[in-house]
Amino acid sequence: MNLFRYFRDEVVAAVLRITPGLDTSKVTAEPPREESHGDVATNAAMVLSKAAGMKPRDLAEALAVELRKHPAVTAVEVAGPGFINMRLAGDFWYDRLQDVLKEGARYGDSDTGKSHRVNIEYVSANPTGPMHIGHARGAVVGDALASLLAKVGYDVSREYYVNDAGAQVDVLARSAHLRYREALGETIGEIPEGLYPGEYLKPLGADLAKRFGAAHKDAPETQWLALFRDEAVAAMLAMIKDDLAGLGVCHNVFVSERGLVEAGKVEAALDFLDGKGLIYEGVLEPPKGMLPDDWEARPQTLFKATQFGDDVDRPLKKSDGTWTYFASDIAYHLDKFRRGFDAMIDVWGADHGGYVKRMQAAVSAVSEGKAALDVKLAQMVNLLKGGQPYKMSKRAGTFVTLRDLVEAVGKDVVRFIMLTRKNDAHLDFDLDKALEQSRDNPVFYVQYAHARCHSVMRHAIDLWPDAPIGDPSGNPAVLKRLTDPAEIALIRLLAGWPRLVESAAEAHEPHRVAFYLNDVAAAFHGLWNKGKDEVRLRFLLEDDYELSLARLALLKGVTAVIASGLGIFGVEPVEEMR
RNA sequence: GCGCCCUUAGCUCAGUCGGAUAGAGCAGCCGCCUUCUAAGCGGCAGGUCACUGGUUCGAAUCCAGUAGGGCGCGCCA
């Protein structure tokens, strides 16, 4: 239950009892910044005063009378320019803790997505080599965002667009052919400029040599190019999937660019746009200022992106007659729309920022305004070690690939840290800090809170082997023993989780979950530390079984919410630190 | 030159749909710690929300402009 959504509805109902027929869409109910202002605040009187023909304070007083009738509301006051502050009964909070315990790690699930379908495309790295660290952030952001949207009820498709149709896969095929010749015993020397030099192609070369023998060794390129291309792409894609699996990322749909081209879907998409008069042959103005050296005016096939908010019209065809990447991407996004997705999210590297407007223009055009595309740009990750920039060098034996990073610190650490900043802000990833067991390390801090709760629960089993730990349903009244302000504050924080999930999902911002989990951990550790000084605040009191049960319920609630949050991140909550 | 993103405490960053006196961690300063439930704890101080103007009952948040930083800018993806 999102209690703020619930009270917003209560406020709206009260408004309509006083002045029927008002537009209440701007009414909000939210936690007041200041704790002394109560538990729930609403702006209703301020946003409705004009329409109601009343002064904000007068409307607020009238609403206050209505709201005081609610059984969970113990006090209502009008403050400031017309805020209405409500304070909630203790029993209300105990009921929320019961909600947490009942739902466990599913707490925070909601149906605000109402089975709407959303398509999220992420990673989509070129299938020409292993994943490197730059890919990791987009992978994690996309994956966590997908889980977040699923948690609020969306029907989510996690997709990877395989760029297997451009010139770079021909380069890959030639590189593979070279390694194939090498595997057949030829001395190949330096890898020529323009081919992929990576060692990772050697196993593929050996495999091709084993399967095809010398059949393609001295043959003309036309004989083997397509074959080697398909073989190499398949091998690279398998490697990428393996790298992603190591990071815990799993897509459920892979769409091949070549597949779209060969099925005629690019032509079909462009015919569709042509039919709407959105394609023409024309000559673009040269870009002002930074003029490319070889710029010359030439006629091109253009999409009228400017009709949909882009700055210039965009080319669809290269001079050799093949489609540009943009053209096939239009076909892919039309395909998404035709498959029933009117909500699309693409996660790209920040260096593709200049591409956002044209893709949104294209989605708008192919869906005739019925679909929306949100693009999340994953900013650069600065790898640090001990606060100093970490130079990646193969010779020095320092790693360069995603796989190496995951091996160095573990997938859970990579995933969590990648989500500790908003996606469009630069992120410092410090290899030392990532493994440090200190307050500075957010992964440790949150995991430690979860583990500490389990430690206490294990301890409790020693004391009372038959105690219903974390399950006060047999005697809900024990929760009333939770009276310390820090305990109540922690319950309030846990009860705010559904609202946090909903707002993070709506904003497409999974990083908010990381900050929230940090808050929960801080509140829990604070409570723990209070017990160091004040013995009566310790979670387990041998002489007070009932109070201990109540506190165990609270700890169980903490573990449930942390597990719920880490579940969105794809991070395993640990029960022991080791 | 144009477009997009960014600018909040000494540092790294939060800040929800525009809401009340802008928050946290680190660093700094001052205390506490023969401790246990598990990696220390508590407190203090720290601000022209880059700047200017506008919209609003109300702006860190929205709009316009200025400065600084990043990314991108027709047949790469």
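Computation of the quantities below employed the complete heavy-atom set of this structure, encompassing side-chain atoms and omitting hydrogens, waters and symmetry-equivalent molecules. In what follows, chains carry the letters A, B, and so on, assigned in the order in which the sequence lines appear, proteins first and then strands, with residues in each chain numbered from 1. A quick note: this is a predicted structure, and the numbers were derived from the prediction, not measured.
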Measuring from the side chain of [X] (C-beta onward, heavy atoms only), which nucleotide among [options] has the closest atom?
X	options	result
A/D351	B/G15, B/G72, B/G70	B/G72
A/N163	B/A77, B/G74, B/G19	B/A77
A/S503	B/A77, B/C75, B/U16	B/U16
A/R298	B/A77, B/C41, B/C75	B/C75

Say you pick atom [atom1] in [N] and the same atom in [M]; how far apart are they, in whole Å?
N	M	atom1	answer
B/G28	B/U66	P	42 Å
B/C44	B/A39	C1'	26 Å
B/U8	B/C13	P	9 Å
B/G46	B/U12	C1'	16 Å
B/C11	B/C63	P	27 Å

Measure up the [X] and [Y] rings against each other and bin them: parallel (under 30°), tilted (30 to 60°), perpendicular (over 60°).
X	Y	answer
A/F539	A/F524	parallel
A/F569	A/F416	perpendicular
A/Y355	A/Y325	tilted

Atom-to-atom span, [atom1] of [X] to [atom2] of [N] - whole angstrom:
X	N	atom1	atom2	answer
A/Q379	B/C4	CD	P	16 Å
A/E30	B/G19	CD	P	6 Å
A/L172	B/C76	CG	C1'	15 Å
A/D424	B/A14	CG	C1'	14 Å
A/Y516	B/G15	OH	C1'	17 Å
A/Y122	B/A77	OH	P	24 Å

Exercise for the section: Take atom NZ of A/K530 as the centre, draw a 6.0 Å sphere, and report whether it contains more than 12 heavy atoms from other residues, nucleotides or ligands. Expected result: yes
Problem - Neighbour count >12 (heavy atoms, 6.0 Å) for atom NZ, A/K376 - result: yes
Handout entry: Polar pair under 3.5 Å, donor/acceptor by atom type, side chain A/H511, base B/A14
Key = no
Problem - base_contact_polar (B/U16 base, A/R499 side chain, donor-acceptor, <3.5 Å) - result: yes
Practice task
Using the six-membered ring of A/F4, assess whether NZ or CZ of A/R499 lies under 6.0 Å from its centre and within 45 degrees of the ring axis.
Solution key: yes
Practice task
Flag the pair A/N441 / A/L435 as yes when at least one side-chain heavy-atom distance between them is below 4.5 Å, and no otherwise.
Solution key: no
Exercise for the section: For A/L554 and A/L482, run side chain to side chain contact (heavy atoms under 4.5 Å, CB included): C-alpha distance rounded to whole Å, both residues' side-chain angles, the deciding distance at 0.1 Å, then the answer. Expected result: CA-CA 9 Å; A/L554 180 55; A/L482 297 171; 4.3 Å; yes
Handout entry: Polar side-chain atom of A/N85 near backbone of A/A41 as donor-acceptor pair, under 3.5 Å
Key = no
Exercise for the section: Spell out, as yes or no, whether a donor-acceptor pair under 3.5 Å connects the side chain of A/N423 to the backbone of A/L377. Expected result: yes
Practice task
Using only heavy-atom distances, determine whether the side chains of A/K265 and A/S328 contain a donor-acceptor pair under 3.5 Å.
Solution key: no
Practice task
Summarise how protein sits on nucleotides 7-13 of chain B as a single string, 5' to 3': B when a protein heavy atom is under 4.0 Å from the base, S for sugar-phosphate-only contact, - for no contact.
Solution key: -----SS
Exercise for the section: Would you mind building the protein contact string for nucleotides 35-40 of chain B? One character per nucleotide, 5' to 3', B for base within reach (heavy atoms under 4.0 Å), S for sugar-phosphate only, - for untouched. Expected result: -SBBBS
Practice task
Assign each of A/Q300 and A/T28 to its nearest nucleotide of RNA chain B by heavy atoms, then name whichever residue's nucleotide is nearer the 5' end.
Solution key: A/T28
Exercise for the section: Could you walk me through whether A/H333 and A/E121 pass side chain to side chain contact (heavy atoms under 4.5 Å, CB included), step by step? Expected result: CA-CA 10 Å; A/H333 284 77; A/E121 178 201 331; 4.0 Å; yes
Handout entry: Dot-bracket summary - RNA chain B, pairs being Watson-Crick or G-U whose distances fall under 3.5 Å, with | when paired to another strand
Key = (((((((..((((.....[...)))).(((((.......))))).....(((((..]....))))))))))))....
